Amino acid sequence: MQKTILITGSTDGIGLETARMLVLLGHHVLLHGRNPEKLKAVEKMLAELPGEGLVESYVADLSRMADVELLANAVAQKHSKLDVLINNAGIYSASVSLTENGLDPRFAVNTVAPYLLTQQLMSLLGTSGRVINLSSAAQESVDLQALIGQKKISDDFTAYAQSKLALTMWSRSMALSLGANGPVIIAVNPGSMLGSKMVKDAFGVVGGDLSKGAKILARAALDDEFASASGQYFDNDSGQFASPHCDALNPLKSDAVVKAIETRLTALV
């Protein structure tokens, strides 16, 4: 059965490879990117793949929360149901210290934007949908002041690791809160040091085969083994469900992260 799947950050890296894989499997893939020209080229390339797969594209800058809302609205205008949301878009470093919303760009794109997008698309996902959040093996305790833009973290790796743990924490917290009344929500480490542009730019290495990450995202989106895994964390380095950083298993700390995100988003309205 053809599924409708939105993948953020799908113009390169793991996102693009996952999109290609899902289109070849015959699914309807909603592409997202920040650069209109690059997005158009990717849409054309994937539309020419053989089979029954379909593609369409959406432009949005996920560092801007207004763009996140516009993206959700645009998807909702064309679709009454969304089977899978893959929050793949992420950044390691940024050229500016704060976004126009007063957030650290790394937390804005990696943590807050996927939270807001998931909330905005909740009615389309319903109880049968799935949300797959791109976590990482890099996870460090979250400084709540940095999360909401009131403290600067100078080291890119530290900010990235905190943003990915914050994502993992809200994934579990939201899943447990919704229970059977919401979609399956799973955080996935697609694999360490895979050959994405982000890894190449950040660490100066070619990295591993991107298909490793794409395959686990496709499995998480489609396979029955993930249908009852809401709130769990899948570590593709070990190839199994595993325990994330201990903070993600602490309800008080996870609730504090969610509250900080919610409070910050409320202040933007």
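As the structure is a prediction and not an experimental result, all values here were calculated from the model.
Under the 6.0 Å cut-off for aromatic ring centres, Phe226 and Phe241 qualify, their centroids lying closer than that.
When the shell of 6.0 Å around CZ of Arg219 is examined, it contains more than 12 heavy atoms from other residues, nucleotides or ligands. More than 12 heavy atoms of other residues, nucleotides or ligands sit less than 6.0 Å from atom NZ of Lys152. When the shell of 6.0 Å around NZ of Lys40 is examined, it contains 12 or fewer heavy atoms from other residues, nucleotides or ligands.
Glu262 and Tyr115 form a side-chain donor-acceptor contact under 3.5 Å, judged by distance and modelled atom types alone. No hydrogens or angles considered: a donor-acceptor pair under 3.5 Å links the side chains of Asn133 and Asn87. There is a side-chain donor-acceptor pair under 3.5 Å between His28 and Glu56. Side-chain contact, Asn88 with Thr8: no donor N or O sits under 3.5 Å from an acceptor N or O. Side-chain contact of Ser141 with Asp247: a donor-acceptor pair under 3.5 Å is present, judged by distance alone. No side-chain donor-acceptor contact under 3.5 Å links Ser63 and Thr99.
Residues Leu217 and Ile14 are in side-chain contact: their nearest non-hydrogen atoms beyond the backbone lie under 4.5 Å apart. Counting only heavy atoms from C-beta outward, the side chains of Asn110 and Leu167 never approach each other to under 4.5 Å. At a threshold of 4.5 Å between non-hydrogen side-chain atoms, the residues Val257 and Leu144 count as touching.
Taking all atoms of both residues into account, the shortest heavy-atom contact from Met65 to Asn101 is N-OD1, 3.0 Å. Here the closest heavy-atom approach between residue His32 and residue Ala60 is recorded as NE2-O, 2.9 Å. Taking each heavy atom of Asp255 and Ser173 in turn, the nearest pair found is OD1-OG, 3.5 Å.
By the 4.0 Å N-to-carboxylate-O rule, Arg130 lies too far from Asp83 to be salt-bridged with it. The pair Arg34-Asp67 fails the salt-bridge criterion, with no side-chain N (NZ, NE, NH1 or NH2) lying under 4.0 Å from an Asp/Glu carboxylate O. For Arg20 and Glu17, the salt-bridge test passes: some basic side-chain N is under 4.0 Å from an acidic carboxylate O.
Linking Ile, Leu, Val, Met, Phe, Trp and Tyr whenever their side-chain heavy atoms come within less than 4.5 Å leaves Ile132 and Leu176 in two separate clusters. Clustering ILVMFWY residues whenever any of their side-chain heavy atoms sit less than 4.5 angstrom apart, transitively, puts Leu70 in a cluster other than the one holding Val75. Note on Val42 and Met21: separate hydrophobic clusters, where clusters join Ile, Leu, Val, Met, Phe, Trp and Tyr whose side-chain heavy atoms are under 4.5 Å apart, directly or indirectly.
For the pairing with Leu85, the side chain to side chain contact (heavy atoms under 4.5 Å, CB included) check across Thr4, Leu30, Leu121 returns one residue only, Leu121.
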